[in-house]
Amino acid sequence: MTSRLDRIAQKRREKLERIRARGINPYPYRYHRSHTTQQAVALLKQQEESSSKAEAPVVNIAGRVMANRPMGKISFLDIRDSSGKIQLSFHSDLLSEASLKLLKDIDIGDIIGVSGRLFRTKSGEPTLEVENLTLLAKSLQPLPEKWHGLSDIDKRYRQRYLDLIANTEAKEIFQMRSQIITAIRQFLNRRGFIEVETPVLQPSAGGALARPFITHHHTLDQNFYLRIAPELHLKRLIIGGFDKVYELGRTFRNEGISTKHNPEFTMLESYETYADYNDVMAMLEEMVAEISQQVLGRDKVEFGSNTINFKPPWPRLELRQAIIKYSGIDFEKYPDADSLKAEMLQLKMEVDPQKDRGRLIDELISTFVEPNLIQPTFLLDYPVEMSPLAKIKPDNERLVERFEAFAGGMEIANAFTELNDPIEQRQRFLGQQKERQIEDEIVETIDEDFLLALEYGMPPTGGLGVGIDRLVMLLTGQPSIRQVILFPQLREKP
RNA sequence: GGGCCGCUAGCUCAAUUGGAAGAGCAGCUGACUCUUAAUCAGCCGGUUACAGGUUCGAGUCCUGUGCGGCUCACCA
């Protein structure tokens with residue numbers, strides 16, 4: 001009746017008790033480590049290259065036992081820490097009685113500390129000849145298989161720690177993610193941007209068109225939305241006199257989950273005064289290329305079957321021309337939703353009758369254009385009805401100064417010359433509210449506080465939003481957003 | 001939410017047309033003084049995701065449920 005897992009766990013608990021019975025704490029408080037495994041290997045190499053014949057120094061290292069190869073009087077164990085791995089050898093002749101006894105109760109998965117001298121085996125493997133063994137944490141669960149790792153995708157997400165232990169590639173992705181985010185901060189800080197934090201809990205969810213999550217504050221007895229964009233608060237800071245601000249943080253959208261969407265995701269937004277969307281374009285392409293250089297050491301990255309080259313300048317393509325090129329439809333010829341819809345039906349597209357003109361154009365982009373934009377590309381100049389926060393083009397009142405950046409067939413950034421006319425902004429909000437209420441979707445409240453702020457005067461500003469998870473996907477070559485989020489959203493298991 | 005696919009031991013995977021549920025790793029016992037996916041001998045290990053149905057007989061066929069993957073829709 002007992003499963004194998006039960007019996008393995010039972011055996012390990014017995015070992016734990018045996019260890020305790022000998023007066024050893026299997027979960028001690030600290031361990032003085034002198035070197036990481038990587039440093040220890042480097043030390044050995046350095047010693048070998050120096051002319052001095054001095055005896056190897058004693059080092060203390062710690063890590064998780066990953067393999068055990070007992071061979072009579074010698075046992076070889078591999079341990080791993082976050083820097084790498086190293087082989088340990090245990091000679092029964094050189095070990096104390098206590099360490100020898102303890103070694104018998106060490107399992108794969110245990111965390112141990114060892115001290116001894118470094119040497120190289122006949123086959124050239126850097127090895128620590130252990131003189132002293134300390135158990136630092138007993139593991140009671142068996143690890144995934146050593147050769148194939150953990151491949152059950154569900155388990156990899158739910159028990160990410162096992163994925164990180166068993167699959168070194170998984171760990172590397174998240175190390176790279178951290179480096180990418182560090183590189184972004186360095187880039188912006190160097191240019192004089194300051195990093196700020198604005199509310200996640202907001203009385204109205206503005207700055208984008210998306211369904212928000214709703215939550216409730218008990219003391220205030222008030223509902224709040226989780227932000228769908230930090231945009232409107234960052235602009236308040238521009239009004240307040242900060243010239244260049246950015247926020248790098250979590251944003252929440254209560255929408256479908258896919259390989260490109262997670263309900264909570266990380267977004268960068270930056271705002272720079274006295275800049276327009278052309279300045280922002282130049283900054284973005286420079287930033288992405290620089291991050292790629294800094295993290296990968298090159299401009300190019302393999303993504304699926306394509307090689308993406310981030311080297312600036314990226315092609316700039318007018319949205320209208322792009323849609324003509326890939327679908328044959330010129331949206332300027334169809335000034336209203338009905339005529340555009342009719343044309344789209346001609347192409348045998350299934351068109352939602354509820355959609356307004358902006359959303360129809362959006363569908364043309366995602367259906368025909370986006371999948372073709374593998375190399376980094378800017379699409380410029382969007383219809384005003386899809387961009388309520390962007391400034392109209394000086395020579396065409398139906399278009400705004402907005403761009404979206406695409407790469408690998410995904411949108412990775414969205415930016416515009418920010419609308420700073422408070423009266424026009426109010427009209428745009430009202431128009432948008434009307435559209436949305438027709439669809440009885442979410443009743444949007446207008447952010448009056450933001451409009452008031454705008455009335456005090458906002459300098460001309462270029463704003464940018466970058467989907468960090470997607471950027472990480474590109475730079476790490478991952479086809480699914482879940483592979484670059486440590487704990488992606490999953491349905492709870494019963 | 002729709003469509004397609006998947007779920008077998010702790011892990012990685014087999015199981016022919018519906019005919020006795022198996023292997024490797026891990027674990028346990030033993031051997032072995034340079035192994036490194038160590039090797040050798042032996043042993044242990046199953047609610048085949050869950051519930052029902054068809055059948056003499058179901059891992060396999062049917063229905064439903066759960067979870068996941070891909071995809072479409074929703075959506076930037």
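Keep in mind that what you see is a predicted model, and the values were worked out from it rather than measured. Chain identifiers are assigned alphabetically (A, B, ...) following the order of the sequence lines, protein sequences preceding nucleic acid strands; residue numbering begins at 1 within each chain. Basis for what follows: all heavy atoms, side chains included, without hydrogens, waters or symmetry-related copies.
- Residue Lys393(A) holds its NZ atom at 15.5 Å from CZ of Arg398(A), rounded to the nearest 0.5 Å.
- With rounding to whole Å, Lys155(A) atom NZ is found 12 Å from A49(B) atom C1'.
- Proximity of Lys15(A) to the phosphate of C28(B): a side-chain N or O atom is located under 4.0 Å from OP1 or OP2.
- With Gln87(A) as the fixed residue, the side chain to side chain donor-acceptor pair (under 3.5 Å) test singles out one of Glu125(A), Arg120(A), Arg69(A): Arg69(A).
- Taking atom C1' in both C25(B) and A9(B), one finds a spacing of 12 Å when rounded to whole Å.
- Rounded to a whole Å, the CG atom of Leu150(A) is 17 Å from the P atom of C7(B).
- Atoms CD1 (Ile8(A)) and P (C43(B)) sit 18 Å apart, rounded to a whole Å.
- If you take atom P in C7(B) and the same atom in C61(B), they sit 10 Å apart, rounded to whole Å.
- Regarding Glu145(A), its CD atom lies at a distance of 6 Å from the C1' atom of C11(B), rounded to whole Å.
- Between G10(B), C67(B), A37(B), one nucleotide has an atom nearer to the side chain of Arg158(A) than all others, and that is C67(B).
- Closest to the side chain of Asp154(A), from the set U12(B), U35(B), G68(B), is G68(B).
- In terms of the side-chain contact (heavy atoms from CB on, under 4.5 Å) criterion, Lys325(A) has no residue partners (sequence neighbours excluded).
- On the C1' atoms, G69(B) is 46 Å away from C32(B), given to the nearest whole Å.
- Comparing G24(B) with A41(B), their P atoms are spaced 11 Å from each other, to the whole Å.
- What separates CZ of Arg359(A) from P of C74(B) is a distance of 10 Å, to the nearest Å.
- Checked against a 6.0 Å centroid threshold, the rings of Phe378(A) and Phe403(A) count as neighbours.
- Considering Lys138(A), Lys15(A), Arg18(A) in turn, Arg18(A) is the only one that fulfils the side chain to side chain donor-acceptor pair (under 3.5 Å) rule with Asp105(A).
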Paired and unpaired positions of RNA chain B as dot-bracket, Watson-Crick or G-U wobble under 3.5 Å, | denoting a partner strand = (((((((..((((.....[..)))).(((((.......))))).....(((((..]....))))))))))))....

Could you run down the sub-3.5 Å N/O contacts of the protein with nucleotides 31-33 of chain B?
unit_1	atom_1	unit_2	atom_2	d
C32(B)	N3	Gly72(A)	N	3.0
C32(B)	N4	Gly72(A)	N	3.3
U33(B)	O4	Asp93(A)	OD2	3.4

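- The nearest whole Å value for the distance from the CD1 atom in Ile108(A) to the C1' atom in A38(B) is 12 Å.
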